[in-house]
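Presented below is the structure to which this report refers.
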Amino acid sequence: MITGLMFRDSIISAANNITNSRQAVDALNVFPVPDGDTGTNMSMTISAAAKEMKTLPDDCTIEEASARCASALLRGARGNSGVILSLIFRGFSKGFKGLEEAGAKDIANAFKNAVDSAYKAVMKPTEGTILTVVREASEAANEMAEIQDEPLEVAFAALQAAKAALAKTPELLPVLKKAGVVDAGGQGLVLVFEGMESVWHNGVIVQSLDDAGVTPVSMPSKSTVANASDDIKFGYCSEFLIEKSSKAKEKDPLRLRAFLESIGDCVVVVDDNDIIKVHVHSNEPGNVIQAALKYGQLINIKIDNMRYQHANADVGVKDGEKPIIPTSSAPENDYGFVTVCAGDGLAELFSDIGADCVVSGGQTMNPSTDDILNAIMNTPAKTVFVLPNSSNIIMAAEQAIPLAADREVRVLQTKTIPQGITAMLNFDEGLTPDENQMNMMSAAEAVQTVQITFAARDSEVDGKPVHKGEIMGLCNGKIVMTGMDKVDIAIKTTEKVFKKNEHSLITIIYGEDVGEKELDHVKRQLGKKFGSDVEISVVNGGQPIYYFIISVE
């Protein structure tokens, strides 16, 4: 049988195992752009759980250990890969509920719950990722449990299947095959399972290497999990929480999910104890609300017009930075703002335009759900707007929504620093939360974002080779140009998005690795190119990773 003590120690072992190899996992990221932080995000996520496990006594039950683990993972989740990992272990926790120790069929059932939890929460499940790995591990565990009563054999079968599934990921995602790598999230999950297996089969906790996980990875980052860039077919984004009622007409969240999928897309339905988190894009927001009311009371309702939403990008962070947290936490004001960025200059800028809390986050070290929750709870407002400013932070931010008990939290889908700045500048204290959210996102979506960074490894994007060390010019998150001169790439990439008679303002946010002469040259050349048609502003963002972040409005 698998005891609570074994589960406790296996999580500590798993955290050490992936932390020891996190840089190797980081280096696997090639999709959607050649950058890397999946190993860092997953290791930091499960390390939060390992810290919690160390407080448990030897006689803890597997129910207690798995529940504490799931809670710590949720709060410590970083990046999309970390959030998905937390969902997998939340499924394990559901499978072990009410148990002192787990047998073969309990292990198999826990895997079933893990797969359900992970797949249900992902808007568009992509095969060839961590989802495939956990699903095939679950299938093997359940097949073994039918013929074997020994839980260790069931766990071992799951591990072997996970490894086999990982090896097949390049056949499911062509971009992995072209780059000659396996999926980074899947590799991270296999390392977690291997660390757990070391305890369960051999009684040995994998030890942390002295030089592993101490120094931050000095390379760009973005989750392996794909960020969709499909055309918007449905115009209204509905998002809310359902407080379950024992007297509700409906009980099964899967029925709600099925209905929402029949009238819209981008569906997320997460069943978490006493609440159900719902997100859907549809053309029938009224029908969405009516269907949800069958399950209980609705809270934190927001309905946005998302017809023009279309953007993808990521931002940077510097390890060692501390979130700026105010001392007051009572919800005294009507509105407050939490924003995520990296660099002293950007932190100061966001504070100047009204941010109550600035959380350090982005490249190589995404803030956790708990980091964002702490900032929310230390924002003295009844309604707190959270601006992630990165597609890889949105999911972690949304996990904080049901955890903020005494205030309303609204996560704006800002995916770049310029989107976040513009959103805040379009806030109007005289408007309702719904009106503000609609206006802020509408303004943010109109911003064109140029980012100049570098490739962390050789890869191929949209059929074009990208070599390690090359400078990449990104327009709204997509690589449009590569070369070796960051100044030249910055100028040419900006020229691609600026349209006369449509745009009149360019803001150049320069990073910590940009010299004064380089900055002056970019500003001068853009001034010559567009002349009196444009006003050019300069901000010392001090951000790492990105040499330039340029907004065009």
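Excluded from the calculations below are hydrogen atoms, water molecules and symmetry mates; all remaining heavy atoms, backbone and side chain alike, are included. This is a predicted model, so every value here is computed, not measured.
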(Q) Does Phe259 have more than 12 heavy atoms from other residues, nucleotides or ligands lying within 6.0 Å of its CZ? (A) yes
Q.
Testing the basics here: between Ala165 and Val133, what is the closest heavy-atom pair and its distance to 0.1 Å?
A. CB-CA, 3.9 Å
Q | Residue pair Lys163 / Leu166, side-chain heavy-atom distance below 4.5 Å | A | no
Q | Ser245 side chain near Gln297 side chain, heavy-atom distance below 4.5 Å | A | no
Q) Can you find a heavy atom in the side chain of Thr414 that is under 4.5 Å from one in the side chain of Met441? A) yes
Q: Could you tell me whether the side chain of Ile88 reaches within less than 4.5 Å of the side chain of Ile130, counting heavy atoms only?
A: yes
Q | Exercise: identify the closest heavy-atom pair between Val181 and Pro170 | A | O-CG, 3.3 Å
Q. Are Ile84 and Thr129 close enough that some pair of their side-chain heavy atoms sits under 4.5 Å apart?
A. no
Q. How long is the span from the CD1 atom in Ile107 to the CE atom in Met1, to the nearest 0.5 Å?
A. 8.5 Å
Q: Give the intermediate values and the outcome of side chain to side chain contact (heavy atoms under 4.5 Å, CB included) for residues Glu398 and Ile372.
A: CA-CA 9 Å; Glu398 289 178 337; Ile372 296 170; over 6 Å; no
**Q.** Ile46 side, atom CD1; Asn16 side, atom CG - distance, nearest 0.5 Å
**A.** 10.0 Å
Q: To the nearest 0.5 angstrom, please state how far the CD atom of Gln160 sits from the CD atom of Glu197.
A: 8.0 Å
Q. Minimum heavy-atom separation for Ala110 to Phe92, with atom names?
A. O-CD2, 3.3 Å
Q. Quick one: are Leu191 and Glu194 in side-chain contact, heavy atoms under 4.5 Å?
A. yes
Q. So do Tyr295 and Arg255 actually touch side chain to side chain, heavy atoms under 4.5 Å?
A. yes
Q) Quick one: does Ser21's side chain have a donor or acceptor within less than 3.5 Å of a partner on Ile18's backbone? A) no
Q) Checking Tyr119 side chain against Leu131 main chain: does a donor-acceptor pair fall under 3.5 Å? A) yes
Q) Which distance, rounded to the nearest 0.5 Å, do you find between the CZ of Arg90 and the CG of Asp116? A) 11.5 Å
Q.
Go through it in stages, so that I can follow the logic: the residues are Val190 and Gln187, the test is side chain to side chain contact (heavy atoms under 4.5 Å, CB included), and I'd like the CA-CA distance, side-chain angles, deciding distance and then a yes or no.
A. CA-CA 5 Å; Val190 167; Gln187 178 65 80; 4.2 Å; yes
Q. Among pairs that include at least one residue of residues 137-158, which meet salt bridge (charged side-chain N to carboxylate O under 4.0 Å, His left out), considering only residues two or more places apart or in two chains?
A. Arg135-Glu139
Q) Quick one: does Ser117's side chain have a donor or acceptor within less than 3.5 Å of a partner on Asn113's backbone? A) no
Q) Are the side chain of Gln419 and the backbone N or O of Lys415 linked by a donor-acceptor pair below 3.5 Å? A) yes
Please list, one pair per line, the donor and acceptor atoms closer than 3.5 Å that link side chains of residues 6-13 to other protein atoms, with sequence neighbours excluded.
| from | atom 1 | to | atom 2 | distance (Å) |
| --- | --- | --- | --- | --- |
| Arg8 | NH1 | Leu56 | O | 2.9 |
| Arg8 | NH1 | Asp58 | OD1 | 2.8 |
| Arg8 | NH2 | Asp58 | OD1 | 3.1 |
| Ser10 | OG | Met6 | O | 3.4 |
| Ser10 | OG | Phe7 | O | 2.7 |
| Ser10 | OG | Trp200 | NE1 | 3.4 |
| Ser13 | OG | Gly195 | O | 2.6 |
| Ser13 | OG | Val206 | N | 2.9 |

Q) Is there a donor-acceptor pair under 3.5 Å between the side chain of Thr379 and the backbone N or O of Ala375? A) yes
Q | Chi angles and distances behind the side chain to side chain contact (heavy atoms under 4.5 Å, CB included) call for Ser198, Ile205 | A | CA-CA 6 Å; Ser198 178; Ile205 296 176; over 6 Å; no
Q: Check each of Asn366, Thr19, Asp26, Thr45 against Thr40 using the side-chain hydrogen bond (donor to acceptor under 3.5 Å, both in side chains) test, and report the only one that passes.
A: Asp26
Q. Do Gln437 and Gln413 pass the side-chain hydrogen bond (donor to acceptor under 3.5 Å, both in side chains) test, and can you show the C-alpha distance, the side-chain angles, and the key distance before you say yes or no?
A. CA-CA 10 Å; Gln437 185 153 358; Gln413 302 268 325; over 6 Å; no
**Q.** Closest contact, heavy atoms only, Val154 versus Ala104
**A.** CG2-CB, 3.7 Å
Q) So, the side chain of Asn109 versus the backbone of Asp106: is there a donor-acceptor pair under 3.5 Å, distance only? A) no
Q. So do the side chains of Pro388 and Val411 get within less than 4.5 Å of each other, counting heavy atoms only?
A. yes
Q: Could you tell me whether the side chain of Thr38 and the main chain of Gly185 form a donor-acceptor pair under 3.5 Å?
A: no
Q: Any chance you could measure Glu127, atom CD, to Glu136, atom CD, to the nearest 0.5 Å?
A: 8.0 Å
Q) If we ignore angles and hydrogens, is there a donor and acceptor under 3.5 Å between the side chains of Asp371 and Ser368? A) yes
Q. How close do Asp356 and Pro380 get, heavy atom to heavy atom, and via which atoms?
A. OD1-CD, 4.1 Å
Q.
Quick one: does any side-chain atom of Asn374 pair with a main-chain N or O of Asp370 as donor and acceptor, under 3.5 Å?
A. yes
Q) Between Asn392 and Asn41, which heavy-atom pair has the shortest distance, and what is it? A) ND2-ND2, 3.6 Å
Q | Heavy-atom neighbours of Glu100 CD exceed 12 at 6.0 Å | A | no
**Q.** Any donor-acceptor pair under 3.5 Å from Asn17 side chain to Met196 backbone
**A.** no
**Q.** Presence of salt bridge, Lys382 and Glu408, under 4.0 angstrom
**A.** no
Q) In Å, rounded to the nearest 0.5 Å, how long is the span from CG of Asn389 to OG1 of Thr339? A) 4.0 Å
Q: Please list all pairs passing the side-chain hydrogen bond (donor to acceptor under 3.5 Å, both in side chains) test where one or both residues lie in residues 61-71, with sequence neighbours left out.
A: Glu52-Arg68, Thr55-Arg68
